[in-house]
Amino acid sequence: MRSKVLIVDDDEVLRSELRDFLEGEEVVEVASGEGALNLLRRVNDIGVVILDVQMDGISGLDVLNAIKKDNPKLVVIIVTGNSSENVAIEALKSHADDYIEKPIDAKKLKDIVGRVLDGEIKDEINSYGVKSKIQRVKNFVEKNCYKKIRLNDVADAVALSPKYLSRVFKQQMGIDFSDYRLKIQMDKAKTFLVKLDFNVNQVAEKLGYENSESFSRQFKKIVHFTPTEYRNRTQKKTQKKSQKKTQNKK
C-alpha cells in the first residue's frame with residue numbers, strides 16, 4: 001500500500017494548493033506543528049512530510065528536529081520563501097531531506113514526492129536537494145575549468161539564484177565558490193606543468209587566461225610559487241626519489 005503525504009502549514013490556501021499539486025496521492029493536512037507531531041505519534045503510514053518552516057506556534061525548525069529525533073528515516077521536505085535562505089540552510093543542517101522555494105514548482109514537488117513514495121534511494125530522490133546540487137556544481141566546475149565560467153553560469157545550470165548558491169556553497173564546502181573554482185584550475189595547471197611539460201604560456205592559454213602574467217599571479221596566489229618555481233621544485237623532488245630508489249637497489 002502506498003504511503004501518505006503529510007502537509008504541515010498554517011496557511012489554508014497553501015495547503016489547498018499543495019493538495020491540488022499532489023492530485024492522485026493520499027494527502028493528510030494539519031495546520032500546526034503541534035498537530036503534525038501528534039499525528040505522527042499515532043499514524044505510521046506517512047511516507048513524506050511537506051513542512052512549512054514559518055508557522056505560528058512551534059517553529060518549523062523545531063518540528064523538523066522533533067520528527068528527525070523520533071524517526072530519522074522519515075523524509076521531510078521543507079517549504080521556504082525566497083527571502084528565507086538562512087532558514088533553509090538551518091533546516092538542511094537539521095537534516096531536512098530537501099527544500100522547495102515559494103512560489104512552488106508543481107512539477108518539481110510532484111516528482112520528488114513520487115520518487116519518495118515509490119521507494120527510491122534517498123540520495124537519488126534528492127535530485128533537487130542542496131547536497132546533490134553542490135555535487136553538480138563541483139562536477140560543472142571540473143568539466144569547465146578551461147572556460148571563463150562565472151557564478152551566474154553555474155547557478156543557471158543547477159537552477160538556484162547566484163546569491164543563494166554562493167552562500168550555501170560556502171556553508172557546505174567551507175570555501176567560497178570563486179576560491180574553489182580557482183583551486184580546481186590550479187590543480188589542472190600543476191598537471192600541465194609537471195606531467196605534460198607544457199610551458200607557462202601554453203598552460204595560461206589552455207586555462208583561458210588572456211596572458212601568462214595574469215595566470216602566473218593567480219598560480220602564485222594559490223600555490224605560493226611561480227609556475228616555473230613549482231615545476232623545478234617538483235622535478236627535483238622526483239629526481240631525488242628516483243635516485244634513492246636506485247641506491248636502495250644497489
Side-chain angles (χ1 to χ4, degrees), residues 77-93 96-112 115 122-196 198-224 226-227 230:
I77 301 169
I78 63 168
V79 177
T80 176
N82 290 328
S83 61
S84 306
E85 294 173 358
N86 286 329
V87 177
I89 290 172
E90 287 302 312
L92 290 164
K93 287 168 64 178
D97 297 282
D98 213 331
Y99 77 99
I100 293 285
E101 289 182 332
K102 299 175 184 176
I104 295 170
D105 183 325
K107 183 178 182 301
K108 181 186 293 187
L109 177 65
K110 191 171 182 63
D111 181 51
I112 297 173
R115 291 190 186 187
K122 181 184 288 189
D123 288 342
E124 293 180 350
I125 63 170
N126 280 345
S127 59
Y128 300 106
V130 167
K131 289 183 179 179
S132 176
K133 289 196 175 188
I134 294 302
Q135 185 59 52
R136 287 172 59 194
V137 169
K138 291 165 64 179
N139 293 341
F140 186 94
V141 171
E142 290 173 8
K143 290 178 181 178
N144 294 279
C145 66
Y146 307 108
K147 303 175 184 177
K148 293 181 179 179
I149 56 173
R150 304 167 301 161
L151 178 64
N152 285 6
D153 299 322
V154 186
D156 287 343
V158 297
L160 292 177
S161 72
K163 181 180 177 182
Y164 181 67
L165 175 58
S166 177
R167 295 178 64 181
V168 78
F169 187 89
K170 186 168 185 179
Q171 181 77 30
Q172 294 283 325
M173 298 294 296
I175 183 173
D176 288 329
F177 170 80
S178 58
D179 290 336
Y180 178 80
R181 179 191 59 195
L182 187 56
K183 177 183 179 299
I184 294 298
Q185 272 199 332
M186 295 307 112
D187 286 344
K188 294 289 184 183
K190 291 177 184 179
T191 299
F192 293 146
L193 288 166
V194 177
K195 294 185 178 180
L196 301 180
F198 285 8
N199 63 41
V200 176
N201 287 331
Q202 289 173 320
V203 177
E205 183 179 356
K206 184 74 173 174
L207 293 176
Y209 285 84
E210 294 181 359
N211 54 65
S212 59
E213 289 77 14
S214 59
F215 161 68
S216 295
R217 283 196 299 272
Q218 294 286 32
F219 189 91
K220 189 170 184 179
K221 175 184 175 181
I222 299 298
V223 185
H224 307 301
T226 67
Y230 174 80

query: Ser216 and Val200: which non-hydrogen atoms are nearest, and at how many Å?
result: OG-CG1, 3.7 Å
Which residues pass the side-chain hydrogen bond (donor to acceptor under 3.5 Å, both in side chains) test with [X], not counting sequence neighbours?
{"X": "Tyr209", "answer": "Gln185"}
{"X": "Asn139", "answer": "Gln135"}
{"X": "Arg217", "answer": "none"}
{"X": "Ser212", "answer": "Asn201"}

Tell me every residue that passes side-chain contact (heavy atoms from CB on, under 4.5 Å) with [X], counting only those two or more places apart in sequence or in another chain.
{"X": "Glu205", "result": "none"}
{"X": "Ser166", "result": "Leu151"}
{"X": "Thr191", "result": "Lys195"}
{"X": "Glu210", "result": "Lys148"}

Excluding sequence neighbours, so at least two apart, what forms salt bridge (Lys or Arg N to Asp or Glu O under 4.0 Å) with [X]?
{"X": "Asp176", "value": "Lys170"}
{"X": "Asp179", "value": "none"}
{"X": "Lys183", "value": "Asp187"}

- prompt: What do the steps show when you test Leu207 against Phe215 for side-chain contact (heavy atoms from CB on, under 4.5 Å), and what is the final call?
  reply: CA-CA 8 Å; Leu207 293 176; Phe215 161 68; 4.0 Å; yes
message: Is it true that, when you exclude Lys110 itself, more than 12 heavy atoms of the residues, nucleotides or ligands shown sit nearer than 6.0 Å to its NZ?
response: yes
Do [X] and [Y] have side chains that get closer than 4.5 Å, going by heavy atoms?
{"X": "Phe219", "Y": "Val203", "result": "no"}
{"X": "Ile100", "Y": "Asp105", "result": "no"}
{"X": "Met186", "Y": "Lys221", "result": "no"}
{"X": "Tyr230", "Y": "Lys190", "result": "yes"}
{"X": "Tyr180", "Y": "Val137", "result": "no"}
{"X": "Asn152", "Y": "Pro162", "result": "yes"}

task: Report yes or no: does Arg181 contribute a side-chain atom to a donor-acceptor pair with the main-chain N or O of Val141 at less than 3.5 Å?
output: no
Could you give the distance from [atom1] ([X]) to [atom2] ([Y]), rounded to the nearest 0.5 Å?
{"X": "Phe192", "Y": "Lys206", "atom1": "CZ", "atom2": "NZ", "value": "5.5 Å"}
{"X": "Ile149", "Y": "Ser178", "atom1": "CD1", "atom2": "OG", "value": "11.0 Å"}
{"X": "Lys143", "Y": "Ile184", "atom1": "NZ", "atom2": "CD1", "value": "13.5 Å"}

field: Mutual orientation of the aromatic rings belonging to Phe169 and Phe177 [parallel < 30°, tilted 30-60°, perpendicular > 60°]
entry: perpendicular
task: Using a strict 4.0 Å threshold on nitrogen-to-oxygen distance, state whether Lys108 and Asp111 make a salt bridge.
output: no
- request: Show your reasoning for whether side-chain contact (heavy atoms from CB on, under 4.5 Å) applies to Asp153 and Asn144.
  value: CA-CA 11 Å; Asp153 299 322; Asn144 294 279; over 6 Å; no
